[in-house]
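Take this structure first; my questions come after.
As the structure is a computational prediction, the values presented were derived from the model and not from experiment. A note on names: the letters A, B, ... follow the listed sequences, proteins ahead of strands, and every chain is numbered from 1.
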Protein chains: 2
Amino acid sequence: MSTAKVLPLAKVLPPLEPEAVAPCCPSLTERPLTSDEAERTAVMFKALGDPVRLRLFSAIASHEGGEACVCDISDVGVSQPTVSHHLKKLREAGLLSSERRGTWVYYRVEPSVIAAMGQLLIRAAAA
Amino acid sequence: MSTAKVLPLAKVLPPLEPEAVAPCCPSLTERPLTSDEAERTAVMFKALGDPVRLRLFSAIASHEGGEACVCDISDVGVSQPTVSHHLKKLREAGLLSSERRGTWVYYRVEPSVIAAMGQLLIRAAAA
DNA sequence: TCAGGACATCGACGTACGTCGAAACAATCC
DNA sequence: GGATTGTTTCGACGTACGTCGATGTCCTGA
């Protein structure tokens with residue numbers, strides 16, 4: 001029955017090639033951002049611009065090893081599908097990567113992207 | 001006529017008492033954010049989560065002295081009311097302060113808040 | 001006092017977003 | 001294979017958000 005699946009649905013969700021999401025973060029202070037640069041950078045900030053996503057991100061970042069499985073961080077007051085939706089947003093923004101290990105899926109913060117966003121702001125504050 | 005105005009409409013828009021907007025930024029990595037902390041912090045990230053606002057912010061940050069009048073930064077492809085709306089959002093988030101000087105209104109980046117947001121991310125990346 | 005420029009507010013419109021329950025998918029255990 | 005648990009996807013719903021034109025407010029200069 002249905003031997004041909006329409007989509008294989010990657011078993012391990014890829015970390016999202018970093019280039020696509022963030023060629024990253026041209027300085028905010030050196031010159032005004034172009035429309036394209038702003039579009040790409042805004043995606044990352046928008047991802048952290050929701051209370052639930054911020055709590056999920058914080059829960060993962062503060063978990064030992066900087067990673068946590070979904071089951072560890074689902075106590076944020078919304079339904080489980082909603083948690084999954086938000087984690088997907090964070091992953092698409094390049095801030096998290098995920099990997100399935102047996103029954104559970106583990107999410108991990110993507111240090112390079114986070115650090116780049118931080119530098120961006122630090123430099124803007126120093127200007 | 002109408003000698004009694006309903007609202008005085010502050011001549012100089014205040015920098016927004018910093019406490020209200022950000023008692024600021026508890027570490028993302030030390031422990032999971034509470035609901036309230038996430039709510040307050042998300043406002044700041046959300047403010048930078050729009051391409052037009054990011055371009056306005058960058059235009060101000062990259063302008064000499066870290067400040068610019070609205071007339072200097074209105075070339076972002078949206079109408080004047082929309083620019084005003086976005087600047088208000090950034091100010092309400094505590095990221096900008098504004099001051100009227102004669103005919104023009106000058107916006108300036110609020111270094112302490114921006115720096116705090118940056119530290120937040122840097123620490124999360126280092127975890 | 002009045003005209004004009006700079007900026008903010010108002011009200012309305014369309015779209016994007018957060019949320020949920022139901023259902024599909026994946027791995028494990030019996 | 002079937003039941004069970006963990007996670008994602010789907011479809012639908014209400015609300016929040018970005019955008020605009022029209023209008024109001026504040027300041028300046030004649």
Side-chain angles (χ1 to χ4, degrees), chain A residues 1-14 35 38-39 42-43 45-56 60 68-93 96 98-107, chain B residues 1-14 35 38-39 42-43 45-56 60 67-93 96-107:
Chain A
M1 60 303 279
S2 89
T3 50
K5 305 285 184 53
V6 181
L7 277 180
L9 278 185
K11 304 174 82 83
V12 168
L13 305 168
S35 182
E39 208 88 36
V43 171
F45 282 106
K46 186 183 297 186
L48 291 180
D50 177 272
V52 174
R53 283 198 291 269
L54 214 38
R55 292 184 70 188
L56 290 171
I60 294 170
C69 89
V70 179
C71 57
D72 287 329
I73 57 175
S74 296
D75 309 331
V76 286
V78 295
S79 71
Q80 197 277 326
T82 300
V83 169
S84 189
H85 166 73
H86 284 307
L87 289 173
K88 183 180 182 182
K89 278 288 192 79
L90 286 165
R91 189 165 49 82
E92 287 175 339
L96 296 179
S98 65
E99 179 188 0
R100 164 155 245 144
R101 291 208 283 273
T103 303
W104 298 281
V105 176
Y106 288 80
Y107 280 80
Chain B
M1 60 300 280
S2 89
T3 50
K5 304 284 185 54
V6 182
L7 275 181
L9 279 185
K11 305 173 82 80
V12 169
L13 305 168
S35 183
E39 209 87 36
V43 171
F45 282 106
K46 186 183 297 186
L48 291 180
D50 177 90
V52 173
R53 284 197 292 269
L54 214 38
R55 292 184 70 187
L56 290 171
I60 295 170
E67 74 171 18
C69 90
V70 180
C71 58
D72 287 330
I73 57 175
S74 295
D75 310 331
V76 287
V78 295
S79 70
Q80 187 273 323
T82 301
V83 168
S84 190
H85 166 73
H86 284 308
L87 289 173
K88 183 180 182 182
K89 278 289 193 78
L90 286 165
R91 188 166 49 83
E92 287 174 342
L96 296 179
S97 59
S98 64
E99 180 189 358
R100 161 157 247 145
R101 292 208 283 273
T103 303
W104 298 280
V105 176
Y106 288 81
Y107 280 80

| request: Starting at atom CZ of F45(B), determine the distance to atom P of dC17(C), rounded to an integer number of angstrom. | output: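 Rounded to whole Å, this separation is 19 Å.
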| query | Heavy-atom distance under 4.5 Å between the side chains of S35(A) and E39(A), does that happen here? | reply |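 They are in side-chain contact.
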| For atom CD of E92(B) and atom C1' of dC17(D), their distance in whole Å |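 Nearest whole value for this atom pair: 13 Å.
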| request: Ignoring backbone atoms, establish whether S79(B) has a side-chain N or O less than 4.0 Å from OP1 or OP2 of dC20(D). | output: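 Yes, such a contact exists.
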| query | Which whole-number value in Å describes the distance from K89(A) NZ to dT19(C) P? | reply |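 After rounding, the reported distance stands at 10 Å.
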| field | Interatomic distance where CD1 belongs to I73(A) and C1' belongs to dT8(D) [whole Å] | value |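 In whole Å, dT8(D) C1' lies 14 Å from I73(A) CD1.
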| said: Can you tell me how far apart OG (S98(B)) and CD1 (I60(B)) are? Round to the nearest 0.5 Å. | reply: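 CD1 of I60(B) is found 9.5 Å from OG of S98(B).
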| request: Counting heavy atoms from C-beta on, name the nucleotide in dT8(D), dT19(D), dC20(C) closest to the side chain of Q80(A). | output: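 Taking heavy atoms from C-beta onward, the closest nucleotide is dT8(D).
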| Can you name the closest pair of heavy atoms from A38(B) and P51(A) and give their distance? |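 So the two residues come closest at CB-O, 3.5 Å.
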| Note, I73(A) side chain near L87(A) side chain (heavy atom, < 4.5 Å) |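 Result yes, sub-4.5 Å side-chain heavy-atom pair found.
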| Going from OH on Y107(A) to CG on D72(A), what distance comes out if it is rounded to the nearest 0.5 angstrom? |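 These two atoms lie 13.0 Å from each other.
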| Do V70(A) and Q80(A) come close enough that some side-chain heavy atom pair is under 4.5 Å? |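 The answer is yes, as the side chains (C-beta and beyond) meet within the 4.5 Å cut-off.
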| field | Of P81(A) and G102(A), the one whose closest DNA chain C nucleotide lies more 5' | value |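 With P81(A) and G102(A) compared, the 5'-side residue is P81(A).
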| said: If you compare every side-chain N and O of S84(A) against the phosphate oxygens of dT7(D) (OP1, OP2), does one of them come in below 4.0 Å? | reply: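 False: S84(A) side-chain N/O out of range (4.0 Å or more) of dT7(D) OP1/OP2.
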| field | N/O (side chain, H85(B)) to phosphate O (OP1/OP2, dG18(D)) under 4.0 Å | value |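 Answer yes for this pair, as a side-chain N or O of H85(B) is under 4.0 Å from OP1 or OP2.
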| field | Angle of first-five versus last-five pair axes in the helix from dT1(C)-dA30(D) to dC30(C)-dG1(D), to 10 degrees | value |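 Computed from the C1' atoms at both ends, the axes differ by 20°.
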| message | Rounding to an integer number of Å, can you tell me how far W104(A) CH2 sits from dA26(C) C1'? | response |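 Result: 13 Å.
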| How many Å lie between NZ on K88(B) and P on dT19(D), as a whole number? |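 Answer to the nearest Å: 16 Å.
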| Separation of atom CG in D75(A) from atom P in dG6(D), rounded to whole Å |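 Result: 13 Å.
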| H86(A) near the nucleic acid: base, sugar-phosphate alone, or nothing, with a heavy-atom cut-off under 4.0 Å? |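 H86(A): backbone/sugar contact only, no base atoms under 4.0 Å.
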| Heavy-atom pair with the smallest gap, counting every atom of H86(B) and L56(B) |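 Shortest heavy-atom separation between H86(B) and L56(B) comes out as CB-CD1, 3.7 Å.
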| Can any side-chain N or O of R100(A) pair as donor or acceptor with the backbone N or O of G102(A) at less than 3.5 Å? |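 Yes; judged by distance alone, with no hydrogens or angles, the pair exists.
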| query | Would you say Y107(B) reaches dA8(C)'s phosphate, i.e. side-chain N/O to OP1/OP2 under 4.0 Å? | reply |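 So the side chain of Y107(B) is within the cut-off, an N or O lying under 4.0 Å from OP1 or OP2 of dA8(C).
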| Just how far is it from atom NZ of K46(B) to atom CG of D50(A), taken to the nearest 0.5 Å? |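 The CG atom of D50(A) is 6.5 Å from NZ of K46(B), to the nearest 0.5 Å.
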| said: Using a heavy-atom cut-off of 4.0 Å across all strands, would you classify T103(B) as base, sugar-phosphate, or nothing? | reply: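 Contact class for T103(B): sugar-phosphate only.
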| Nearest heavy atoms of L54(A) and A42(B), plus distance in Å |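 Closest pair (atom of L54(A), atom of A42(B), distance): CD2-N, 3.4 Å.
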| task | Rounded off to whole Å, could you give me the OH-to-P distance for the Y106(B) and dA8(C) pair? | result |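 Spelled out: OH on Y106(B) to P on dA8(C) is 13 Å.
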| field | DNA chain D-proximal residues of residues 46-53 of chain B, any heavy atom under 4.0 Å | value |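 K46(B), D50(B), V52(B), R53(B) - these, ordered by number, are the residues of the stretch whose heavy atoms sit under 4.0 Å from the strand.
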